[in-house]
Q: 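Mind having a look at this structure? Questions to follow.
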Amino acid sequence: MPHAEIKYTKDITLDAPAILERIEQVILEHDDGAGACKGRAFRVDAHHHTHVDIKVALLVKAHRDDAFSNRLLDSLKTAVMAMIPQNCHFSLELIYSGPFYFTGTHEV
């Protein structure tokens, strides 16, 4: 189950839920077994320069090699940048969770 986190400065207007949904769609276009992408966005009030910073984390899998990662990163960049309505600095990082990572559900 991938994760996406968006941080963006207060001087930019983003439809963060739509971007998070699009990130999930792009991941599933490249890897239909990836599952739902848990996402969250943070508007940053204190900042220097207008910017959007996105991190997308996936679990390590055999088919997620360098070629896969480069294709996914390029597709994510194209899709997300198309949804940003103004000039800004933009960062996007695709990371893979390490061996000491747990993900699951908590039910009470």
Side-chain angles (χ1 to χ4, degrees):
M1 188 173 286
H3 295 258
E5 188 170 281
I6 304 170
K7 295 177 188 167
Y8 61 101
T9 56
K10 70 178 180 180
D11 59 346
I12 191 166
T13 302
L14 289 184
D15 186 347
I19 292 173
L20 290 167
E21 183 177 333
R22 184 67 184 122
I23 288 170
E24 180 179 79
Q25 291 169 350
V26 170
I27 292 169
L28 291 172
E29 289 167 8
H30 286 265
D31 185 350
D32 61 3
C37 181
K38 296 178 273 187
R40 56 189 171 179
F42 303 94
R43 192 183 94 161
V44 179
D45 290 330
H47 63 87
H48 183 63
H49 299 294
T50 302
H51 66 277
V52 176
D53 178 43
I54 300 175
K55 296 196 182 343
V56 176
L58 299 163
L59 293 174
V60 173
K61 304 272 179 149
H63 67 280
R64 294 178 180 162
D65 58 10
D66 287 353
F68 169 89
S69 298
N70 284 318
R71 286 190 308 271
L72 177 57
L73 184 64
D74 188 53
S75 294
L76 287 167
K77 179 182 73 165
T78 300
V80 172
M81 288 179 93
M83 300 177 76
I84 299 174
Q86 68 191 75
N87 294 339
C88 66
H89 296 282
F90 178 79
S91 302
L92 172 64
E93 183 178 20
L94 181 61
I95 58 175
Y96 287 94
S97 300
F100 301 104
Y101 175 79
F102 168 79
T103 187
T105 57
H106 171 73
E107 297 178 18
V108 288

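Every heavy atom of this structure was used, including side-chain atoms; hydrogens, water molecules and symmetry mates were not.
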Q: Answer yes if Leu72 and Met1 sit in the same cluster of Ile, Leu, Val, Met, Phe, Trp and Tyr residues linked by side chain heavy atoms under 4.5 Å apart, and no otherwise.
A: no

Q: Compare all side-chain heavy atoms of Met81 with those of Leu92 and state whether any distance is below 4.5 angstrom.
A: no

Q: In the single-linkage hydrophobic clustering (I, L, V, M, F, W, Y; side-chain heavy atoms under 4.5 Å), do Leu73 and Phe90 co-cluster?
A: yes

Q: Quick one: do Lys55 and Glu93 make a salt bridge, cutoff under 4.0 Å?
A: yes

Q: What's the separation between atom CD in Gln86 and atom SG in Cys88, rounded to the nearest 0.5 Å?
A: 6.5 Å

Q: Distance-only criterion, 3.5 Å: show the donor-acceptor pairs between side-chain atoms of residues 98-108 and protein atoms not counting sequence neighbours.
A:
{"unit_1": "Tyr101", "atom_1": "OH", "unit_2": "His3", "atom_2": "NE2", "d": "2.7"}
{"unit_1": "Thr103", "atom_1": "OG1", "unit_2": "Lys38", "atom_2": "NZ", "d": "3.1"}

Q: Which atom pair, heavy atoms only, marks the closest approach of Leu59 to Tyr96?
A: O-CD2, 3.6 Å

Q: Decide whether Met83 and Val56 are clustered together by the hydrophobic rule: side chain heavy atoms of Ile, Leu, Val, Met, Phe, Trp, Tyr closer than 4.5 Å, transitively.
A: yes

Q: Taking only residues two or more places apart in sequence or in another chain, which ones pass side-chain hydrogen bond (donor to acceptor under 3.5 Å, both in side chains) with Arg43?
A: Asp45

Q: Would you say CG of Asp66 has more than 12 non-hydrogen atoms from neighbouring residues, nucleotides or ligands within 6.0 angstrom?
A: no

Q: Measure the spacing between CG of Leu94 and CZ of Arg64 and express it to the nearest 0.5 Å.
A: 9.0 Å

Q: Which salt bridge (charged side-chain N to carboxylate O under 4.0 Å, His left out) pairs, counting each pair once, include a residue from residues 18-30, with sequence neighbours left out?
A: Arg22-Glu29

Q: Is the shortest side-chain heavy-atom distance between Ile23 and Val80 below 4.5 Å?
A: yes

Q: What are the two closest heavy atoms between Thr13 and Pro85, and how far apart are they?
A: O-CG, 3.1 Å

Q: For the residue pair Leu76 and Ile54, establish whether any side-chain heavy-atom pair is separated by less than 4.5 Å.
A: no

Q: Spell out, as yes or no, whether a donor-acceptor pair under 3.5 Å connects the side chain of Thr9 to the backbone of His51.
A: yes

Q: About how many Å separate CD1 of Ile19 and CD1 of Ile6, when rounded to the nearest 0.5 Å?
A: 5.0 Å

Q: OG of Ser69 to CG of Leu58: how many Å apart, nearest 0.5 Å?
A: 7.5 Å

Q: Do you know the tightest heavy-atom contact between Ala41 and Ala16?
A: CB-CB, 3.5 Å

Q: Is there a path from Ile95 to Val52 through hydrophobic residues (I, L, V, M, F, W, Y) whose side chains come within less than 4.5 Å of each other?
A: no

Q: Do the side chain of Asp31 and the main chain of Ile27 share a donor and acceptor less than 3.5 angstrom apart?
A: no

Q: Any side-chain heavy atom of Ile84 sitting closer than 4.5 Å to one from Tyr8?
A: no

Q: Considering all heavy atoms of both residues, which atom of Ala57 and which atom of Ser97 are nearest to each other, and what is their separation?
A: CB-OG, 4.3 Å

